[in-house]
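This report concerns only the one structure given below.
No hydrogens, no waters, no symmetry mates; every other heavy atom, side chains included, goes into these values. Here the structure is a predicted model, which means the values were calculated and not measured.
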Amino acid sequence: MSTAFTSPVSVNSVPAHAAGETEYLLSDVFLDVWRQADRFQARSSVSTWLMAIARFKALSARRVRKDAELDETIEATVADSADDPEVMLEKKSRDALVRKAVTTLSPEHREVIDLVYYHEKSVDECAQILGVPAGTVKTRMFYARRKLAEMVKAA
């Protein structure tokens, strides 16, 4: 029986100009996993360990290359064929509002929101990935959600 690894982020969701860099980073992550396999201590799931390695690789790459931001227009152009134009427009505006609100959060709050909601990680897994106590993750989630609610309500 074969188990396939499914990435929470599709390569298709990455802008075309960054796809090569994304593939390089993914390759680099798996090379590090191969090299460090003997260091895996099974204190967490393999996906959490992979996510931590990938996070640090992405942060390192981002520090090196600060001139380019992610292009969010690609996501706005993808439409759900099951929705009618009115529902699609409503979803786009709501998604754009939430996306904009998330980008205004502090980096610490953004990371927690990203890991919990987009990568479906538990509080304990987030704590391990971020290298902070679980209580800190919970506190960051509380304040991030409160700030997002304020921003969405104000809009």
Side-chain angles (χ1 to χ4, degrees), residues 1-81 91-145 147-148 151-152:
M1 182 173 162
S2 172
T3 304
F5 176 76
T6 57
S7 172
V9 177
S10 168
V11 175
N12 296 333
S13 67
V14 178
H17 61 81
E21 184 176 345
T22 304
E23 290 174 5
Y24 172 77
L25 282 173
L26 185 61
S27 174
D28 202 24
V29 166
F30 282 106
L31 182 62
D32 272 6
V33 167
W34 180 258
R35 289 179 180 160
Q36 298 176 19
D38 61 328
R39 294 188 215 156
F40 179 65
Q41 298 175 354
R43 290 184 299 191
S44 64
S45 67
V46 175
S47 65
T48 303
W49 183 59
L50 280 169
M51 187 66 74
I53 293 171
R55 176 182 175 268
F56 288 118
K57 288 282 183 190
L59 289 174
S60 296
R62 178 105 175 164
R63 277 192 292 272
V64 171
R65 190 174 154 252
K66 290 188 177 197
D67 60 336
E69 289 294 321
L70 292 177
D71 184 12
E72 295 180 6
T73 58
I74 293 174
E75 186 176 337
T77 60
V78 176
D80 185 358
S81 60
K91 280 184 178 180
K92 279 186 181 180
S93 64
R94 185 186 63 224
D95 289 348
L97 179 65
V98 171
R99 204 171 32 252
K100 183 177 180 183
V102 168
T103 62
T104 63
L105 293 174
S106 70
E108 293 83 11
H109 291 146
R110 225 180 8 250
E111 281 181 331
V112 170
I113 292 288
D114 181 58
L115 287 170
V116 170
Y117 288 106
Y118 297 109
H119 297 292
E120 300 176 353
K121 295 296 179 187
S122 69
V123 169
D124 292 331
E125 289 173 324
C126 289
Q128 186 169 4
I129 290 169
L130 298 172
V132 298
T136 302
V137 172
K138 291 177 185 177
T139 302
R140 288 178 183 175
M141 278 298 299
F142 172 80
Y143 286 110
R145 285 190 296 230
K147 183 73 172 169
L148 285 172
M151 287 186 272
V152 169

Review point. Could you give the distance from CH2 (Trp49) to CD (Gln41), rounded to the nearest 0.5 Å?
Key: 10.0 Å

Review point. With Lys138, which residues qualify under salt bridge (Lys or Arg N to Asp or Glu O under 4.0 Å), at least two apart?
Key: none

Point to revise | Any side-chain heavy-atom pair of Arg55 and Leu130 under 4.5 Å | key: yes

Point to revise | Pair Thr48, Gln128: side-chain N/O donor-acceptor within cut-off below 3.5 Å | key: no

Check your understanding: Would you call Cys126 and Glu111 a side-chain contact if the rule is heavy atoms closer than 4.5 Å?
Key -> no

Check your understanding: Is Lys57 close to Tyr24 at the side-chain level, that is, under 4.5 Å between some pair of heavy atoms?
Key -> no

Practice item. Kindly say whether Phe56 contributes a backbone atom to a donor-acceptor pair with the side chain of Ser60 at under 3.5 angstrom? Key: yes

Check your understanding: So do the side chains of Gln36 and Ile53 get within less than 4.5 Å of each other, counting heavy atoms only?
Key -> yes

Review point. So do the side chains of Leu115 and Val137 get within less than 4.5 Å of each other, counting heavy atoms only?
Key: no

Review point. Is any side-chain heavy atom of Ile129 closer than 4.5 Å to a side-chain heavy atom of His119?
Key: no

Exercise for review: Could you go through the side-chain contact (heavy atoms from CB on, under 4.5 Å) check for Glu108 and Val132 one step at a time?
Suggested key: CA-CA 11 Å; Glu108 293 83 11; Val132 298; over 6 Å; no

**Study point:** Which residues share a salt bridge (Lys or Arg N to Asp or Glu O under 4.0 Å) with Arg140, sequence neighbours left out
**Key:** none

